[in-house]
Amino acid sequence: MISENLHSVRARIVAACALAGRNPDEVRLLAVAKSFGPEAVRAAHAAGQTDFGENYLQEAVDKQARLAQLPLVWHCIGPIQANKTRLVAEHFDWAQTVDRLKIAQRLSDQRPDHLAPLQVCLQVNIDGGPTKSGVSPEEALPLALEVARLPRLVLRGLMTIPEPAPDYATSLAVHRQARELFEDLRSAGMPLDTLSMGMTADLEAAIHAGSTMVRIGTAIFGGRTQAA
Ligand SMILES: *Cc1c(COP(=O)(O)O)cnc(C)c1O
């Protein structure tokens, strides 16, 4: 079932790219395996999937330990508390939810020498939800300039989790704001290549607006028992 679901998601990406006049190779698929066990990840890998996103650090580390022999790329897409940065620095390839300099500094300091630099996206609170994590759009460039200087991190781009939108046009408009911010940072000289946005419900709008990485859970692994 996971294999068929992956095929359908890839077909959605191809169709969305065709509508947007984009090359599907520009869009990386991240399989979000939170709340699913190592066997689900193994099945997705057998169907050709290499990038996996995890929200809960301890759950992720336990899963990784059971899958250590597979050549997987792990992305942290959950909140990173200051006292959890070491887990992220030691166990992930990417951290997509960096929204404060302090967290970035700790990740850089704690990244083990034998690992490649940690690939980082800044999480941006693009629609201004007051309780949401993410740097404000206005603070994104100053933070990006600081993070880009840290020796053991590579700043790759921006990540965003917009509120569910009532319709396609609203969703597209919000994703376009993220795209504009991404282009502003690039115009300011930052060599960014990753705009991480789009989930099961808004994949098409995100790709239409220029997403280069979609993070898909439900459409691949099925519904989660708890809202997560
Ligand atoms: C859970 C989650 C996803 C995947 O969401 P689905 O709607 O299940 O596709 C993507 N990004 C983040 C940050 C998530 O927490």
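Atom set for the values below is all heavy atoms of this structure, side chains included, hydrogens, waters and symmetry mates excluded. All ligand and atom numbering here is 1-based and tracks the order in the structure.
Of all the atoms in ligand 1, the ones that sit under 4.0 Å from a non-hydrogen atom of Thr218 are 6 (P), 7 (O), 8 (O), 9 (O). Ligand 1 places these atoms under 4.0 Å from at least one heavy atom of Arg215: 4 (C), 9 (O), 10 (C), 11 (N), 12 (C), 13 (C). Every atom of ligand 1 with a heavy atom of Ile216 under 4.0 Å away is listed here by number and element: 9 (O).
Taking only non-hydrogen atoms, the option from Asn55, Ile161, Val32, Ile77 nearest to atom 15 (O) of ligand 1 is Asn55.
Formation of a donor-acceptor pair under 3.5 Å by the Arg12 side chain with backbone atoms of Thr200 is found in this model.
Residue-to-ligand polar distances keep Met199 apart from ligand 1: every N/O pair is separated by 3.5 Å or more.
The closest side-chain donor-acceptor pair between Gln123 and Thr97, if any, does not fall under 3.5 angstrom. Side-chain atoms of Gln105 and Ser108 include no donor-acceptor pair closer than 3.5 Å.
Within the structure, the closest approach of Met159 to ligand 1 falls below 4.0 Å when heavy atoms are considered.
Using bins of under 30°, 30° to 60° and over 60° for the plane-to-plane angle, the ring pair Phe221/Phe52 lands in the tilted bin.
In terms of heavy-atom proximity, Arg224 sits nearest to Phe36 at CG-CE1, 3.8 Å.
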